[in-house]
Chemist: 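Sharing a structure, written as structure tokens. Questions coming.
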There are 2 protein chains.
Amino acid sequence: MSETTSKSSASSPARARSHRHSAEEARREILDSATRFLQESDFRNLTVGEVMEGTTLSRPAFYQYFTDLHDLIISLLRDVETVMHQIASPWIEGEGKPIAALRESIRGVVETCVQHGHIVRAIVEAAPLDERLEQEWQSFMRRWDDAVEARIVAQQQDGLIPFFNAQRIAKALNSLDVNLVVAAFGRHPHDDPSDVLETMYHVWSGTLYGRPPHALTAKNR
Amino acid sequence: MSETTSKSSASSPARARSHRHSAEEARREILDSATRFLQESDFRNLTVGEVMEGTTLSRPAFYQYFTDLHDLIISLLRDVETVMHQIASPWIEGEGKPIAALRESIRGVVETCVQHGHIVRAIVEAAPLDERLEQEWQSFMRRWDDAVEARIVAQQQDGLIPFFNAQRIAKALNSLDVNLVVAAFGRHPHDDPSDVLETMYHVWSGTLYGRPPHALTAKNR
DNA sequence: AATGTGACTGACACCATGTCAGAAACAACG
DNA sequence: CGTTGTTTCTGACATGGTGTCAGTCACATT
């Protein structure tokens, strides 16, 4: 064998053959490749072959870590959930002044979605195509809905929010958020985050607390 | 030819072989079969073969009338649009008292979606999978968004609605409607239409006009 | 009856998927 | 170091839905 002629020992640029991963390493490598792909393209163009090309592994190796493309998306969904849940805590947990906390929570959601918007979009688009993923997505959203509903009910009992069917409104508002986020940050170029924040805040506060404060006295005939 | 023996002339039950359609007849037959299928199942299970089984034609015949399953969905979208547009006219066109008209328009939308919810659901789920369908769907929604935006702007100038970015709010509210309708009437069993109506009305009126009228004085601490 | 036109179909090539038997790397043990 | 066991990995294959095409079939016109 030749020593230092054409290729250096282990740092060959793309052909890093002859090296095994631990199970976790490989998973991460695949997930990263998929994420990278989704930054540039859509779920509809995602294919097992494409994903594995961005990898040191071959196509069949994919099936040792995921049963499916949908299964891979479920993993991404899990990752997103852990990030998101604590972001929205201010209003959800009832910390500080309700309306200010609401704004703060929405701000957090918008901000993290600027980063993970592509993934959220992929999840939303892929969910209807697979039974299991669909269920995971529904569960994810239900946890969200329940949290919001609980907060609404609590503030209804404090007289801060008028009475109405908290469950349905919670569901409606959350689904609206998903739509806005996907539309705004699901693909390049992104919309202006502060515009999205304003829109969300307007609808949420208008629906829950009444007319948004800053518009109350403006031009109200 | 036998006169009145076993089968009456043209109404043979299922095996209507040896009979050609006009172009329009065949199209309708295919569209009907697809619609029937979507009543019972999802877009993810829809396949060209399945559709054509509900038909007197063979699978390849499909491609004489549609380039694609997505193309077929586009036809269904067109059908839905013509039905829906005049339904929402009361508020859109500014007829009568704004808030009552809003309620009336929403009522109409909900009502027609009770019938065509399955199709709307199929459209929404299929749209991200095909470039052309995606564009058609976006155009459809944009026409809707523009109409709502125009109405908001008109009523802002009349002092009925406070000033805010009408375009973004219109888009948000419309996307919310789609979500609610698909969730409520996209598959069996359907939700209660009046619940859906209340939810939509609550969010719309809260966002546009301020706190919903009937909750204004109730239990507002 | 002969011919032209458009509706229709059987058979095929294509492509992504998911599987499987076995190869290749690595570790443990002698 | 061999040998053996274990885990990771891959080449090659079977499957199923898609879209195409050359050719057939029903019907109208003459």
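Hydrogens, waters and symmetry mates are skipped; everything else that's a heavy atom, side chains included, is used. Reminder, nothing fancy here: chain letters follow the sequence lines and each chain counts from 1. This structure is a prediction, so every number in the text was calculated from the model and none was measured.
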Chemist: Is a donor-acceptor pair below 3.5 Å formed from side chain A:Arg59 to base C:dG18, judging by atom type as modelled?
Modeler: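 It does, because a donor-acceptor pair links the side chain of A:Arg59 to the base of C:dG18 below 3.5 Å.
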
Chemist: Could you tell me the separation between the CD atom of B:Glu25 and the P atom of C:dC8, rounded to a whole number of Å?
Modeler: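 About 9 Å, once rounded to whole Å.
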
Chemist: Got a second to check how far A:Ile119's CD1 is from A:Gln39's CD, nearest 0.5 Å?
Modeler: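 Atom-to-atom, A:Ile119:CD1 and A:Gln39:CD are 7.0 Å apart.
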
Chemist: Expressed in angstrom and rounded to an integer, what is the separation of B:Glu29 atom CD from C:dC8 atom C1'?
Modeler: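 Checked: the CD to C1' distance equals 13 Å.
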
Chemist: Take B:Met84 and B:Cys113 through the side chain to side chain contact (heavy atoms under 4.5 Å, CB included) test and state the conclusion after the steps.
Modeler: CA-CA 9 Å; B:Met84 292 275 276; B:Cys113 284; 3.9 Å; yes

Chemist: To 10°, what angle do the rotation axes through the five end pairs on each side of the helix from C:dA1-D:dT30 to C:dG30-D:dC1 form?
Modeler: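 End axes: 20° apart.
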
Chemist: Tell me the interatomic distance from A:Leu72, atom CG, to C:dT17, atom C1', rounded to whole angstroms.
Modeler: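 So the two atoms are 15 Å apart, to the nearest Å.
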
Chemist: Taking the six-membered ring for Trp and the single ring otherwise, decide whether the centroids of A:His118 and A:His116 are under 6.0 Å apart.
Modeler: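 Here the rings of A:His116 and A:His118 have centres that are no less than 6.0 Å from each other.
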
Chemist: I need the NE2-P distance between B:His21 and C:dT5, as an integer number of Å.
Modeler: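 Result: 24 Å.
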
Chemist: If only side-chain N and O atoms of B:Thr47 are considered, is one of them under 4.0 Å from the OP1 or OP2 phosphate oxygen of D:dT18?
Modeler: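 Looking at the OP1 and OP2 atoms of D:dT18, one of them is under 4.0 Å from a side-chain N or O of B:Thr47.
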
Chemist: Output the rounded distance in Å from OH (A:Tyr63) to C1' (C:dA21).
Modeler: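 So the two atoms are 18 Å apart, to the nearest Å.
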
Chemist: Mind checking B:Phe66 for me? I need base, sugar-phosphate or nothing, with any heavy atom below 4.0 Å counting as a touch.
Modeler: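 Here B:Phe66 touches no strand at all.
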
Chemist: Is there a donor-acceptor pair under 3.5 Å between the side chain of B:Ser33 and the backbone N or O of B:Val51?
Modeler: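 The answer is yes, because a donor-acceptor pair under 3.5 Å joins these two groups.
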
Chemist: When you measure from the side chain of A:Thr199 to the backbone of A:Asp195, do you find a donor-acceptor pair of N or O atoms at a distance under 3.5 Å?
Modeler: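 Yes; judged by distance alone, with no hydrogens or angles, the pair exists.
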
Chemist: Does the plane of the ring in B:Trp91 sit parallel, tilted or perpendicular to the ring in B:Trp204? Use 30° and 60° as the thresholds.
Modeler: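 B:Trp91 and B:Trp204: perpendicular rings.
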
